[in-house]
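See below for the structure under consideration.
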Amino acid sequence: ILGTDFNPSKENFIKRLVDERQEVKSKNKSEAQALKIIANAITYGIFIQIDSDKDKQELEVYSNEKFISEDSKWEKHGEFFHPTVSICITSGARLFLAIAEKFLELRGYSHAYMDSDSIFVPPEIADELSNFFQPLNPYDKNISLFKIEKRNKWFYGISSKRYVLYDYNEKTKKIFIEPEIKKDYKLHGLGHITNPFGDSKENWFVEIWEDILKLHYGIISEEYLTKKYSNFFVISR
């Protein structure tokens with residue numbers, strides 16, 4: 001694979017893939033990404049693979065009642081489809097998050113937000129939490145099982161998938177969101193609409209989040225915000 005020999009009959013193939021990815025990560029990002037995709041596909045993807053036919057058809061559905069579903073697509077299980085294996089993988093990740101939540105609670109802390117594979121915690125406890133999981137690391141490389149991706153960021157959350165990470169200077173009341181790092185501001189809450197400002201503003205999500213934060217900190221008024229957006233139309237994609 002990519003010029004590297006693997007022997008699954010003599011070594012743990014998955015472990016070796018992950019270790020190899022860490023080895024090439026700093027040298028070749030495209031190769032590292034390829035190895036990541038291969039590892040994900042083999043460890044999880046093939047067990048949950050469902051292929052749907054392109055052609056729509058009538059399907060007879062059996063539930064608590066029998067009915068006909070029109071314009072449906074027939075879904076066929078992949079060759080290695082095994083839901084018992086796949087759900088154990090995802091539930092294992094949820095178990096990590098539940099342990100992390102309890103870890104914080106026992107130390108008098110609380111998390112700000114939790115997503116599929118991440119948890120936002122107070123900065124002073126982050127290293128201790130990350131180190132707590134390290135004895136479970138099965139790899140030769142010192143890979144953080146709970147990798148700290150961001151440090152000392154402010155968090156503002158509205159609801160599920162609607163949050164922003166930002167920097168805030170309390171003295172100058174300056175708010176900064178990195179426009180190129182889309183992990184810092186979730187698009188889910190606005191992803192179904194088109195850019196209301198037109199093509200002139202590429203990072204329009206950032207401007208909306210900045211205005212929400214300015215309102216929160218009292219930098220602008222609700223009347224100002226209402227007036228600014230009153231002439232914009234929300235159009236679904």
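In what follows, residues are counted from 1 in the order of the sequence shown.
Note that OG of S69 and CD of Q57 are 10.0 Å apart. Values are rounded to the nearest 0.5 Å. Between atom CZ of residue R21 and atom CD1 of residue I143 there is a gap of 8.5 Å, rounded to the nearest 0.5 Å. Once rounded to the nearest 0.5 Å, the distance linking NZ of K102 with CD1 of I99 reads 12.0 Å. Expressed to the nearest 0.5 Å, how far CD1 of I89 lies from OG1 of T84 amounts to 11.0 Å. Taking OG of S110 as the start and CD of E101 as the end, the distance is 7.5 Å to the nearest 0.5 Å. Interatomic distance, R16 CZ to I1 CD1, rounded to the nearest 0.5 Å: 9.5 Å.
Comment: K15 engages D140 in a salt bridge, judged by a side-chain N to carboxylate O separation of less than 4.0 angstrom. Taking a cutoff of 4.0 Å between a charged side-chain nitrogen and a carboxylate oxygen, D127 and R151 qualify as a salt bridge. In summary, E31 and K27 do not engage in a salt bridge, as defined by a charged side-chain N under 4.0 Å from a carboxylate O. In summary, E128 and R107 engage in a salt bridge, as defined by a charged side-chain N under 4.0 Å from a carboxylate O. We find that E207 and K214 are not joined by a salt bridge, their nearest charged nitrogen and carboxylate oxygen being 4.0 Å or further apart.
In this structure the side chain of E178 reaches within 4.5 angstrom of the side chain of K153, judged on heavy atoms. No side-chain heavy atom of L165 sits less than 4.5 Å from a side-chain heavy atom of I177. Between I208 and F197 the shortest side-chain heavy-atom distance falls below 4.5 Å. When side chains are defined from C-beta on, F176 does not count as touching V206, because their heavy atoms never get closer than 4.5 Å. Here the side chains of I175 and I219 are in contact, with some heavy-atom distance below 4.5 Å. By the 4.5 Å heavy-atom criterion applied to side chains, W74 and S52 are not counted as neighbours. Side-chain contact between D115 and S118 is present, with at least one heavy-atom pair separated by less than 4.5 Å.
Between the side chains of Q134 and N142, at least one donor-acceptor pair of N or O atoms lies under 3.5 Å. Using modelled atom types and a 3.5 Å distance limit, the side chains of D211 and Y229 yield a donor-acceptor pair.
The environment of NZ in K36 is sparse: at most 12 heavy-atom neighbours from other residues, nucleotides or ligands sit within 6.0 Å. Heavy atoms from other residues, nucleotides or ligands lying under 6.0 Å from CG of N231 number 12 at most. Atom CD of E124 has more than 12 neighbouring heavy atoms from other residues, nucleotides or ligands inside a 6.0 Å radius. For K76, the NZ atom counts as loosely surrounded, since its 6.0 Å shell holds 12 or fewer non-hydrogen atoms of other residues, nucleotides or ligands.
The aromatic ring centroids of Y109 and F103 lie 6.0 Å or more from each other. Taking the six-membered ring for Trp, F81 and F47 have ring centres at least 6.0 Å apart. Outside the 6.0 Å centre-distance limit, the rings of Y156 and Y166 are not counted as a close aromatic pair. Between F146 and F132, the distance separating the two ring centers is not shorter than 6.0 angstrom.
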Can L225 and I212 be said to form a side-chain contact (heavy atoms from CB on, under 4.5 Å), step by step?
-> CA-CA 9 Å; L225 199 65; I212 290 170; 5.6 Å; no
Assess whether side-chain contact (heavy atoms from CB on, under 4.5 Å) is satisfied between I68 and V61, documenting all intermediate values.
-> CA-CA 6 Å; I68 301 294; V61 181; over 6 Å; no
Given E223 and K227, is the salt bridge (charged side-chain N to carboxylate O under 4.0 Å, His left out) satisfied, shown in steps?
-> CA-CA 6 Å; E223 289 73 24; K227 189 176 180 181; over 6 Å; no
Would you check, one step at a time, whether the test side-chain contact (heavy atoms from CB on, under 4.5 Å) holds for F6 with L17?
-> CA-CA 8 Å; F6 295 86; L17 272 175; 4.0 Å; yes
Given side-chain contact (heavy atoms from CB on, under 4.5 Å), test L215 with Y224 step by step and report yes or no.
-> CA-CA 9 Å; L215 179 67; Y224 171 86; over 6 Å; no
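For the pair R94 and F96, the cation-pi test (distance below 6.0 Å, angle within 45°) is failed.
With N137 contributing its side chain and K141 its backbone, the two residues share a donor-acceptor pair below 3.5 Å. Side chain of T226 to main chain of E222: a donor-acceptor pair is present (N/O by atom type, distance under 3.5 Å, no hydrogens or angles). Between the side chain of E11 and the backbone N or O of N7 there is at least one donor-acceptor pair closer than 3.5 Å. Between the side chain of N28 and the backbone N or O of V24, no donor-acceptor pair lies under 3.5 Å. Remark: the backbone N or O of E79 is not paired with any side-chain donor or acceptor of Q49 at under 3.5 angstrom. In terms of modelled atom types and a separation under 3.5 Å, the side chain of Y217 and the main chain of E170 share no donor-acceptor contact.
Taking both residues in full, the closest heavy atoms of S86 and I48 are given as OG-CD1, 3.2 Å, listed atom of the first, atom of the second, then distance. Residues P196 and F233 approach most closely at CB-O, 3.9 Å, considering heavy atoms. Listed here is the closest heavy atom pair of H111 and V121: CB-CG1, 4.5 Å.
Linking ILVMFWY side-chain heavy atoms closer than 4.5 Å, directly or via other members, places L2 and I37 in two distinct hydrophobic clusters. Neither I87 nor I42 shares a network with the other; the hydrophobic side chains, linked directly or stepwise wherever heavy atoms of I, L, V, M, F, W or Y lie under 4.5 Å apart, form separate groups for each. With hydrophobic clusters built from ILVMFWY side chains whose heavy atoms lie under 4.5 angstrom apart, L97 shares a cluster with F133. Hydrophobic clustering, with ILVMFWY side chains joined whenever heavy atoms are under 4.5 angstrom apart, groups V234 together with W209. No path of Ile, Leu, Val, Met, Phe, Trp and Tyr side chains, each step under 4.5 Å between heavy atoms, connects V164 with I119, placing them in separate hydrophobic clusters.
T43 pairs with exactly one of I14, I38, V18, V85 by the side-chain contact (heavy atoms from CB on, under 4.5 Å) rule, that one being I14.
Listed by chain and number, the residues in a ring-ring contact (aromatic ring centres under 6.0 Å, His included) with Y139 amount to none (sequence neighbours excluded).
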